[in-house]
There are 2 protein chains.
Amino acid sequence: MLEKIHLSIVREVERQGSLTAAADVLCLTQSALSHSMKKLEQKMGTDIWLREGRSLRLTQAGKYLLALAERLLPQLERAEEHLKQYAEGARGTLRIGMECHPCYQWLLKVVSPYLAEWPDVDVDVKQKFQFGGIGALFVYEIDLLVTPDPLYKPGLRFEPVFDYEQVLVVSRQHILAGSSHVDPDQLSEEVLITYPVEIERLDIYNQFLMPAGISPKRHRVIETTEIMLQMVAGGRGVAALPRWLAEEYAGKLDVVPLRLGKNGIAKQIFLGIRESDADIDYLKAFVELARQQAIA
Amino acid sequence: MLEKIHLSIVREVERQGSLTAAADVLCLTQSALSHSMKKLEQKMGTDIWLREGRSLRLTQAGKYLLALAERLLPQLERAEEHLKQYAEGARGTLRIGMECHPCYQWLLKVVSPYLAEWPDVDVDVKQKFQFGGIGALFVYEIDLLVTPDPLYKPGLRFEPVFDYEQVLVVSRQHILAGSSHVDPDQLSEEVLITYPVEIERLDIYNQFLMPAGISPKRHRVIETTEIMLQMVAGGRGVAALPRWLAEEYAGKLDVVPLRLGKNGIAKQIFLGIRESDADIDYLKAFVELARQQAIA
DNA sequence: AACATTCAATGAATATTATTCATTTATTGC
DNA sequence: GCAATAAATGAATAATATTCATTGAATGTT
C-alpha cells in the first residue's frame with residue numbers, strides 16, 4: 001500500500017523541486033512517478049500535493065509523508081548497507097556519537113587498538129545530531145554515545161569509563177602560570193577560548209564562573225584542540241580542557257594546566273548504548289576496551 | 001531493493017513459525033514468499049534464514065532485519081492510517097503517553113473538553129512503552145508525554161502544566177488521621193499500597209522513606225486508584241497520592257490526606273512533545289487547555 | 001520400516017503491476 | 001502570442017511478482 005518508492009518520491013521531489021527532476025535522480029520517468037503517486041493518492045483518498053500551476057506544493061498529508069520519509073528512508077538505506085556488510089563477512093559498523101569535544105583525542109586512543117582487535121568491524125564517528133546524542137541513540141542513528149552527561153532512562157544504558165579533571169590551560173608566560181589554582185575572579189580580564197557549544201553546557205561556566213557571577217572579558221570559539229592550544233600558547237587567551245590533554249601538549253607547546261578553584265572540577269566520560277544492544281559482542285568489546293584504556 | 005514486503009515476511013514468519021503459515025496471513029502463497037526472500041538474499045549476498053530440516057532459523061542478518069521490521073513496520077502502518085484519517089477530513093490522532101499513574105484522573109478532565117473542542121482529532125492514551133516515555137516520544141510511538149519527570153534534551157520540549165502536593169492517604173479511623181503531618185518512622189509498621197512501578201520511581205520512597213532509612217512493614221501493589229482507596233478506607237494500608245485526588249475521594253470514602261513530612265512533597269506534572277511538532281495546532285491546543293484546566 | 005505429512009525450494013507459466021511512450025493540457029517567461 | 005516547461009493521462013509494453021505443479025528432505029505415525 002504505502003511503499004518505499006512513495007517515500008523516496010516525496011523526498012526527492014522536495015529535494016529537486018519537481019517531479020521531472022526527481023524522476024531523473026531516481027532513474028525513472030516523470031510519468032512513472034506521476035502514476036505511482038496518483039495510485040497512492042487514490043488508495044489513501046487524500047492528495048499529497050496541491051497542483052499549483054505547473055508546480056507541486058505539499059498538502060498536510062504530504063508534509064506528514066515527507067517527515068516520515070526523512071525519518072525512515074535513512075534507516076532502510078543503512079539496513080541495506082548493513083546486510084551487504086554481513087555478506088562480506090564483516091560484523092558491521094560501530095557508529096559512535098560524540099557529545100564532548102575533547103573526548104575526541106581520548107577516543108582515538110581507544111579506536112586504534114579496537115580496529116586492530118576487530119578487523120571486521122568498521123568504526124564511524126559522528127558529531128552532529130538533529131535531536132542530540134540521546135535522540136540519535138534512540139533513533140538508531142548511532143550505536144554508542146560518548147558523553148559527559150549520562151541519562152538513566154529505560155532503554156538506554158550508561159557506564160562511566162574515564163575520570164579526569166577539567167583544568168585551565170594558560171601560557172607559560174601567563175601571570176597565573178605559577179599559581180597552585182585559579183579563582184573565578186582572576187578570569188574576569190581574560191579571553192576564554194572554548195569549543196563551539198552552548199555556554200550552558202560548558203563546565204567552566206556553570207560550575208566555575210557562573211556560581212561566582214563572573215564573566216570573562218571575551219569569549220572566543222575555536223573548533224580544533226590544536227589551534228586552541230596554539231592560541232593559548234601565544235598568550236591570546238585561556239582555555240578549559242581535560243588535564244591529561246593539557247599535559248600531553250605541555251611538552252610541545254608552552255602551556256601549563258591550572259586547577260580550577262581550590263578543589264578542581266572533576267569530570268567523567270560515559271559510554272551510552274541501547275539496552276537491546278547490550279549483548280552485541282563487538283559493542284561490548286568496545287566498552288570493555290575503553291574502560292581498560294582509561295586505566296592505563 | 002529492501003522493500004516493505006521483506007520486512008513483513010520476516011516479521012510474520014517469526015510470528016507464525018513457518019513460511020507457509022506466514023503466507024496464509026499475508027494472503028500469498030508459500031512459493032511467493034520463498035521467491036521474494038530468495039531474491040533479497042541474492043541481492044544482498046547474505047542468507048536471512050538457515051534452513052534447518054524443514055524449518056527456518058534466523059541468521060544474524062535475519063535477526064537484524066527482524067529488529068528493523070519490528071521498528072519500522074508499525075510506523076508505516078500508522079502512516080497509512082494517518083493518511084486515511086486526513087482523507088476523512090480528520091486532523092489526526094493525538095497519542096498521549098502516561099508515565100504517571102494518578103495523572104490519569106487529571107488527564108480525563110483535560111481530554112473531555114478537548115474532544116469537544118477538536119471533534120476531528122482522536123485521542124489515544126498509552127501507558128506501556130518498551131523504551132520508556134522519552135523513547136516513545138523519540139520513535140514517534142506517542143506525540144505527547146505526561147510525566148512528573150521532564151528531560152530537557154535537544155529535540156524535546158517539556159512544559160510544566162500542573163503543581164500539586166503528594167500526600168499520604170489514610171483511613172479516617174487511623175491513629176494518624178488527626179495529625180498535621182506524618183514523619184517517616186510513623187510508617188514503619190504500616191502497609192504501603194502503591195501502583196505497580198519500580199520502587200525507585202516512587203516519591204514516597206526516594207523523597208521520604210529512603211532518606212530516613214525507613215521501610216514500611218509491607219508493600220502492596222494495586223493497579224487502580226479506586227481499589228487502592230477502597231483498601232485504604234478499609235484500614236488495610238496507606239497510600240501516597242496527589243492531594244487533589246485524595247480530596248476528591250474524601251467525600252465518598254472514609255479517607256483523609258496527610259502532609260508527608262513538615263514541608264510536604266511538592267510535585268509537578270509536565271507535558272513533553274517533540275520540538276518538530278511544536279507548531280501543530282491541535283497539539284498546541286491540548287497543552288494550552290491542560291494549562292488552563294490546571295488553574296481552574 | 002514403510003507411509004503419510006509437512007515444509008521449503010524450484011522452474012515454468014501466468015497474472016499483475018510498474019514503467020514507458022506519445023500526447024494533451026496548463027502555466028510561465030519572454 | 002509563442003516557445004519552454006511541468007504535470008497528467010491512456011494505451012502499449014516491459015518488468016515483476018505470484019501462482020501452479022512438482023520435487024526433495026525431514027518429521028511423525030502405525
Side-chain angles (χ1 to χ4, degrees), chain A residues 1-59 61-63 65-66 69 73 76 80 87, chain B residues 1-63 65-66 69 73 76 80 83 87:
Chain A
M1 206 124 182
L2 175 61
E3 295 297 328
K4 193 168 104 178
I5 186 67
H6 300 123
L7 299 181
S8 299
I9 293 173
V10 170
R11 182 175 69 170
E12 208 55 48
V13 167
E14 200 61 18
R15 287 184 181 170
Q16 305 300 326
S18 77
L19 257 196
T20 312
D24 281 349
V25 176
L26 296 172
C27 298
L28 289 168
T29 60
Q30 172 268 132
S31 177
L33 306 207
S34 180
H35 281 300
S36 285
M37 296 310 290
K38 173 122 225 198
K39 181 173 275 177
L40 179 68
E41 289 180 326
Q42 281 169 348
K43 286 233 174 185
M44 294 305 175
T46 180
D47 281 358
I48 310 254
W49 288 291
L50 292 173
R51 279 69 179 175
E52 293 199 327
R54 62 184 179 191
S55 62
L56 303 173
R57 207 184 72 217
L58 287 170
T59 60
K63 284 182 191 165
L65 268 192
L66 177 61
L73 288 178
L76 284 168
E80 289 181 10
Chain B
M1 207 124 183
L2 174 60
E3 295 297 328
K4 194 169 104 179
I5 185 68
H6 300 122
L7 298 180
S8 300
I9 294 172
V10 169
R11 183 176 70 171
E12 208 55 47
V13 166
E14 200 60 18
R15 287 184 181 170
Q16 305 299 327
S18 77
L19 257 195
T20 313
D24 282 350
V25 175
L26 296 172
C27 300
L28 288 168
T29 60
Q30 172 269 131
S31 177
L33 306 206
S34 180
H35 281 301
S36 285
M37 296 310 290
K38 174 121 225 195
K39 182 173 275 177
L40 179 68
E41 289 181 325
Q42 281 170 349
K43 285 233 175 186
M44 295 304 175
T46 182
D47 281 357
I48 309 247
W49 289 291
L50 293 173
R51 279 66 178 176
E52 291 200 330
R54 60 184 182 192
S55 63
L56 304 173
R57 209 184 72 218
L58 287 170
T59 60
Q60 219 193 342
K63 284 181 191 165
L65 269 191
L66 177 61
L73 288 177
L76 284 169
E80 289 180 11
L83 287 183

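So that the names make sense, note that chain A is the first sequence line, chain B the second, and so on, each numbered from 1.
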Checklist entry - Thinking salt bridges, do B:K4 and B:E80 make one under a 4.0 Å N-O criterion? => result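 Yes, B:K4 and B:E80 are salt-bridged.
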Item to check | Nearest-neighbour nucleotide for the A:S18 side chain, D:dA6, D:dA8, C:dA9 considered | outcome: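 Nearest listed nucleotide: D:dA6.
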Item to check | Selection from C:dA9, D:dT19, C:dC7 that lies nearest to any side-chain heavy atom of B:T29 | outcome: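 Of the options given, the side chain of B:T29 lies nearest D:dT19.
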Next on the checklist: Counting the atoms with a prime plus P, OP1 and OP2 as sugar-phosphate, which does A:S34 contact under 4.0 Å by heavy atoms, base, sugar-phosphate, or nothing?
Outcome noted: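 The answer is base, as A:S34 lies within the cut-off (heavy atoms under 4.0 Å) of a base atom.
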Checklist entry - Counting any heavy atom closer than 4.0 Å, what does B:S36 reach on the DNA or RNA strands: base, sugar-phosphate only, or nothing? => result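 Sugar-phosphate: the residue B:S36, judged by heavy atoms under 4.0 Å, touches backbone atoms but no base.
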Atom pair distance, as rounded to whole Å: [atom1] in [X] and [atom2] in [N]:
| X | N | atom1 | atom2 | value |
| --- | --- | --- | --- | --- |
| B:L56 | C:dC7 | CG | C1' | 9 Å |
| B:L26 | D:dT19 | CG | P | 11 Å |
| B:W49 | D:dA26 | CH2 | C1' | 19 Å |
| B:E3 | C:dA18 | CD | C1' | 12 Å |

If the cut-off is 4.0 Å, is [X] near the phosphate of [N], judged by side-chain N/O to OP1 or OP2?
| X | N | answer |
| --- | --- | --- |
| A:K38 | D:dT9 | yes |
| A:K39 | C:dA18 | yes |
| A:S31 | D:dT9 | no |
| A:S55 | D:dA6 | no |

Checklist entry - Quick one: on DNA chain D, does B:E52 or B:H35 contact a more 5' nucleotide (nearest heavy atom)? => result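 Result: B:H35.
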Item to check | Atom pair NZ (B:K39) and CE (B:M1), whose distance is rounded to the nearest 0.5 Å | outcome: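 Here the interatomic distance stands at 11.5 Å.
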Item to check | hbond_proxy A:R54 side chain to D:dA6 base (donor-acceptor, 3.5 Å cutoff) | outcome: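 No pair found.
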